[in-house]
2 protein chains.
Amino acid sequence: MDEVFKALADASRRSLLDRLHARNGQTLNELCDGLAMTRQAVTKHLGILEAANLVTTLRHGREKLHYLNPVPIHQIGERWIKKFERGKLAALSELKRQLEKRDE
Amino acid sequence: MDEVFKALADASRRSLLDRLHARNGQTLNELCDGLAMTRQAVTKHLGILEAANLVTTLRHGREKLHYLNPVPIHQIGERWIKKFERGKLAALSELKRQLEKRDE
DNA sequence: ATAATAGGCAACTAAATGGTTGCATGTCAA
DNA sequence: TTGACATGCAACCATTTAGTTGCCTATTAT
């Protein structure tokens, strides 16, 4: 879980996920296209995404195809975000109550 | 958005959010309790959470009360995670198809 | 008034991070 | 088979980050 959060913390990596979401199965060079970064930097980012299981790769000859794995993202939603959704209204109303108490 | 992702990337900060979720409105010293970290380190973490708007504070005399703001977490769910949920099945089936094609 | 309590500020350090360059390897096409 | 193309590996660098220590300020209670 921690690896996933850390992987998602970087805007370049989130953008790579976005690109794979738009078109799955891209090669390394395709993913480099238009990025202000060397290929090696992109390789590192993809390595981190792969280690976090957010991306799966597939060798096809001399090309390496990258596929988005949406499962960990989904798990963050289920196991982490939903926990804070419950009680959201309660938390807000409590905050409001406290804020109003300020001027007492 | 980037600030929120970065704030959530650290396990200590997520644990602070968990603790506020369990009991809202804690003071700095209460939040330090049981953590293997100095008070100053916790202050920094809370500062980052506050900058990301995940925590709101309220001075009450010499105490500083910390309140969880669940809105940014909710937004991550809405604006970011949901995007990858749509087409999740499609992505997985495509990946499966490609994996099966491996042995051709 | 004074001591204890709650918190703030700033300088410093070690390690992690994001990026680079240079070179090596493996695969495909002519 | 030889050159071009796609990727891999490793060393290096600058900046950010997570944490520390030391000291200062403000509020409360005796």
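Every heavy atom of this structure was used, including side-chain atoms; hydrogens, water molecules and symmetry mates were not. Here the structure is a predicted model, which means the values were calculated and not measured. Proteins come first, then strands; the chains are lettered A, B, ... in the order of their sequence lines, and each starts at number 1.
Ranking C:dG19, D:dT17, D:dG8 by closeness to the A:M37 side chain, first place goes to C:dG19. Comparing D:dC23, D:dA6, D:dG8 by their closest approach to the side chain of A:R62 singles out D:dA6. Of all nucleotides listed (D:dA18, C:dG18, D:dG19), D:dG19 comes nearest to the side chain of B:S12. Comparing D:dG8, C:dG7, D:dT20 against the side chain of B:R39 picks out C:dG7 as the nearest.
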For A:L8 and A:R13: C-alpha separation, side-chain torsions, deciding distance, then whether side-chain contact (heavy atoms from CB on, under 4.5 Å) applies.
CA-CA 7 Å; A:L8 295 181; A:R13 287 194 286 269; over 6 Å; no

Begin with the C-alpha distance, continue with both residues' side-chain angles, and end with the deciding distance and a verdict on salt bridge (Lys or Arg N to Asp or Glu O under 4.0 Å) for A:K6 and B:D10.
CA-CA 7 Å; A:K6 284 214 158 48; B:D10 186 273; 5.1 Å; no

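Between A:T38 and C:dG19 there is no side-chain N or O to OP1 or OP2 distance below 4.0 Å. Proximity of B:N29 to the phosphate of C:dT5: no side-chain N or O atom is located under 4.0 Å from OP1 or OP2. Neither OP1 nor OP2 of C:dA6 sits under 4.0 Å from any side-chain N or O of B:H60. Residue A:R59 places at least one side-chain N or O under 4.0 Å from the OP1 or OP2 atom of D:dG8. Listed pair A:K6 / C:dT17 fails the phosphate criterion, with no side-chain N or O lying under 4.0 Å from OP1 or OP2.
For A:G61 and B:E30, each mapped to the nucleotide of DNA chain C holding its nearest heavy atom, the one lying further toward the 5' end belongs to B:E30.
Scanning atom types as modelled, no donor and acceptor separated by under 3.5 angstrom connect the side chain of A:Q40 and the base of C:dG18.
Distance, A:K44 NZ to C:dT20 C1': 8 Å, rounded to whole Å. In this structure, B:E63 places its CD atom 9 Å from C1' of C:dT5, rounding to the nearest Å. Atom CG in A:L31 sits about 13 Å away from atom P in D:dA6, given to the nearest Å.
For the residue pair B:E50/B:T57, the side-chain donor-acceptor check at 3.5 Å is satisfied.
Residues A:R23 and A:E30 are paired through a salt bridge, judged by an N-O separation under 4.0 Å between the basic side chain and the carboxylate.
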